[in-house]
Amino acid sequence: MTDIDTVLGLRRQFEAPAAHHAPRYFVIGADRHHGGTQARALGASMTLFRPFAPEDLLGDISADCAASFSVELAQIDDVVCAGVDAAHRVFLKIFEGLKAGQGLSLEDVLEQEEVISNALYKGGLQRWLEVVSLHHNSTYRHCLSVTGFAVAFAQHLGFSSRDQRRLARAALLHDLGKACIPLSILDKPGRLTEPEMAEMQRHCKLGYDLLLQQGGFPSESLDVVLHHHELLDGSGYPDRLSNTQISDVVRMVTIADIYSALIERRSYRAGMDRHEAFLVLESMGGKLDRDLLRAFRGVALGAAT
């Protein structure tokens, strides 16, 4: 049994992990020379010595915290931007490379997975989404958003780093077939007609065929690319799968995909408020995995804080 199977079997027991913040230490010493040296050796950010005036103490601590916070934010931004850039390189391979007849290998994806997972672990989903929102290309923006939610979901459930990368890989590739959809449909500034929607729905099978032709991609990636629009009640596409025919990895990416689409802005509409979008997911009844949806609540609404 793999890690992902083990965790999903116990998923009702998982709670959102607490945020990790590096503690700041302030040491008050009596000996200005030896106390300061010992404190720094123990990792103190600064040392304070008696006697001191309360207003001076408050000012020193505030200044140190502000400086430290600025440095930490800059470091987080670097990590998040590196993760978004890594995902963007994969999308360039997909949406530009495939159109130009260039192949996409599993190695192209594998070398970016850890950078993406690390960015979401250190920077958090909210900062990821803020950086993603600046992207001008709506298709890339959606894929980046889904990847962020999928990896954050895996982290929320306590998946191993290996399984987090598996979710990152599946999410990165899920809309691969859109590279084969005409831009007139893909970038249409409005709702699609029925014939256009039918053409758009072909992206699942087109993406699956592309990966199959390239070779080397794991079965779960192929499964997600082909089936991320399937629903548990059999009303999805392209194969109208239902219930146990739909894997847990597909169920997770489907939730992330639908939620991301609801909160993203479009040329013809504004994105939904995150609480409103989650209510839409809950209103879908038996179409989505109820256990996973309850677990996803902390990811979806936690990103709004």
- Query: More than 12 foreign heavy atoms under 6.0 Å from CD of Glu114: is that the case here?
  - Reply: no
- Message: So which atom in Met252 and which in Leu292 form the shortest heavy-atom distance, rounded to 0.1 Å?
- Response: CG-CD1, 3.8 Å
- Message: Are Glu230 and Pro238 packed together at the side-chain level, in the sense that at least one heavy-atom pair is separated by less than 4.5 angstrom?
- Response: yes
- So CZ of Arg141 and CG of Asn137: to nearest 0.5 Å the spacing works out to 7.5 Å
- Give a yes or no on whether the backbone of Val224 and the side-chain of His227 come within a donor-acceptor separation of less than 3.5 Å. no
- So, for Leu232 and Ser242, which heavy atoms are closest and what is the spacing to 0.1 Å? O-CB, 3.3 Å
- To the nearest 0.5 Å, what is the distance between NE2 (His228) and SG (Cys204)? 4.5 Å
- Message: Do Met284 and Val250 sit in one hydrophobic cluster, given that two such residues count as connected whenever their side-chain heavy atoms are within less than 4.5 Å of each other, even indirectly?
- Response: yes
- Item | Expected output: side-chain Asp239 to main-chain Leu241 donor-acceptor under 3.5 Å | no
- How long is the gap from CD on Glu264 to OG on Ser138, to the nearest 0.5 Å? 8.5 Å
- Message: For the backbone of Leu106 and the side chain of Arg169, can you confirm whether one donor and one acceptor N or O come within less than 3.5 Å of each other?
- Response: no
- Message: Treating His156 as the side-chain partner and Ala295 as the backbone partner, does any N or O pair qualify as donor plus acceptor under 3.5 Å?
- Response: yes
- Query: Please walk me through it: do Arg89 and Asp85 pass salt bridge (Lys or Arg N to Asp or Glu O under 4.0 Å)?
  - Reply: CA-CA 6 Å; Arg89 283 192 288 274; Asp85 286 344; 5.3 Å; no
- With side chain to side chain contact (heavy atoms under 4.5 Å, CB included) as the test, would you mind laying out the steps for Arg297 and Glu282 before giving the verdict? CA-CA 10 Å; Arg297 180 184 181 90; Glu282 289 186 315; 3.8 Å; yes
- Task: Is it possible for you to say whether Leu125 and Val115 belong to one hydrophobic cluster, with membership spreading through side-chain heavy-atom contacts below 4.5 Å?
- Result: no
- Item | Ile246 side chain near Thr254 side chain, heavy-atom distance below 4.5 Å | no
- Message: Is there a continuous path of hydrophobic side-chain contacts, each under 4.5 Å between heavy atoms, that joins Val79 to Leu134?
- Response: no
- Task: Using modelled atom types only, decide if a donor and an acceptor are shared between the side chain of Asp209 and the backbone of Leu206 within a distance under 3.5 Å.
- Result: no
- Note on the structure: Leu172 and Ile94 have their tightest heavy-atom pair at O-CD1, 3.9 Å
- Query: Does Trp128 use its side chain to pair, donor to acceptor, with the backbone of Leu144 at less than 3.5 Å?
  - Reply: yes
- With side chains defined as the heavy atoms from C-beta onward, is the minimum distance between Leu293 and Phe278 less than 4.5 Å? yes
- Task: Verify the cluster assignment for Leu279 and Leu262: are they in a single hydrophobic cluster under the rule of side-chain heavy atoms below 4.5 Å apart?
- Result: no
- Message: Let me confirm one number: the CD-CD1 distance from Gln201 to Ile181, rounded to the nearest 0.5 Å.
- Response: 10.0 Å
- Show your working on side chain to side chain contact (heavy atoms under 4.5 Å, CB included) between Ser117 and Gln155 and close with a plain yes or no. CA-CA 9 Å; Ser117 180; Gln155 292 175 349; 3.8 Å; yes
- Message: So, taking the atom named SG in Cys81 and the one named NE2 in His88, what distance separates them when rounded to the nearest 0.5 Å?
- Response: 12.5 Å
- Message: Please find the pair of heavy atoms, one from Leu301 and one from Tyr259, that lie closest to each other, and give the distance.
- Response: CD2-OH, 4.3 Å
- Task: Give the ring-plane orientation class for Tyr140 versus Phe91, where under 30° counts as parallel, over 60° as perpendicular and anything between as tilted.
- Result: tilted
- Could you state whether Ile255 and Val280 fall into the same hydrophobic cluster, counting links through intermediate Ile, Leu, Val, Met, Phe, Trp or Tyr residues with side-chain heavy atoms under 4.5 angstrom apart? yes
- Item | With Arg290 via salt bridge (charged side-chain N to carboxylate O under 4.0 Å, His left out) - residues at least two apart | none
- Query: Taking all non-hydrogen atoms of both residues, which atom of Ser133 and which atom of Arg265 are closest, and how far apart?
  - Reply: O-NH2, 3.1 Å
- Task: Would you name the heavy atoms of Leu231 and Ile258 that are closest together and state the gap between them?
- Result: CD2-CD1, 4.5 Å
- Item | Parallel, tilted or perpendicular, as decided by the 30° and 60° cut-offs, for the rings of Phe149 and Phe296 | tilted
- Can you tell me if Gln164 uses its side chain to pair, donor with acceptor, with the backbone of Phe159 under 3.5 Å? yes
- Hey, is the main chain of His142 close enough, under 3.5 Å, to the side chain of Ser145 for a donor-acceptor pair? no
- Given side chain to side chain contact (heavy atoms under 4.5 Å, CB included), test Val90 with Ile116 step by step and report yes or no. CA-CA 11 Å; Val90 175; Ile116 294 166; 5.5 Å; no
- Query: For Glu196 and Lys188, what are the C-alpha separation, side-chain angles and deciding distance, and is it a salt bridge (Lys or Arg N to Asp or Glu O under 4.0 Å)?
  - Reply: CA-CA 10 Å; Glu196 289 170 339; Lys188 182 179 178 179; 2.7 Å; yes
- Item | Arg251 and its salt bridge (Lys or Arg N to Asp or Glu O under 4.0 Å) partner, picked from Asp223, Asp289, Asp257 | Asp289
- Mind running side chain to side chain contact (heavy atoms under 4.5 Å, CB included) on Asp175 and Thr139 for me, showing each step along the way? CA-CA 9 Å; Asp175 268 345; Thr139 301; 5.8 Å; no
- Should the pair Tyr237 and His229 be assigned to parallel (<30°), tilted (30 to 60°) or perpendicular (>60°) ring geometry? parallel
- Between the OG atom in Ser219 and the CG atom in Leu212, the distance rounded to the nearest 0.5 Å is 11.5 Å
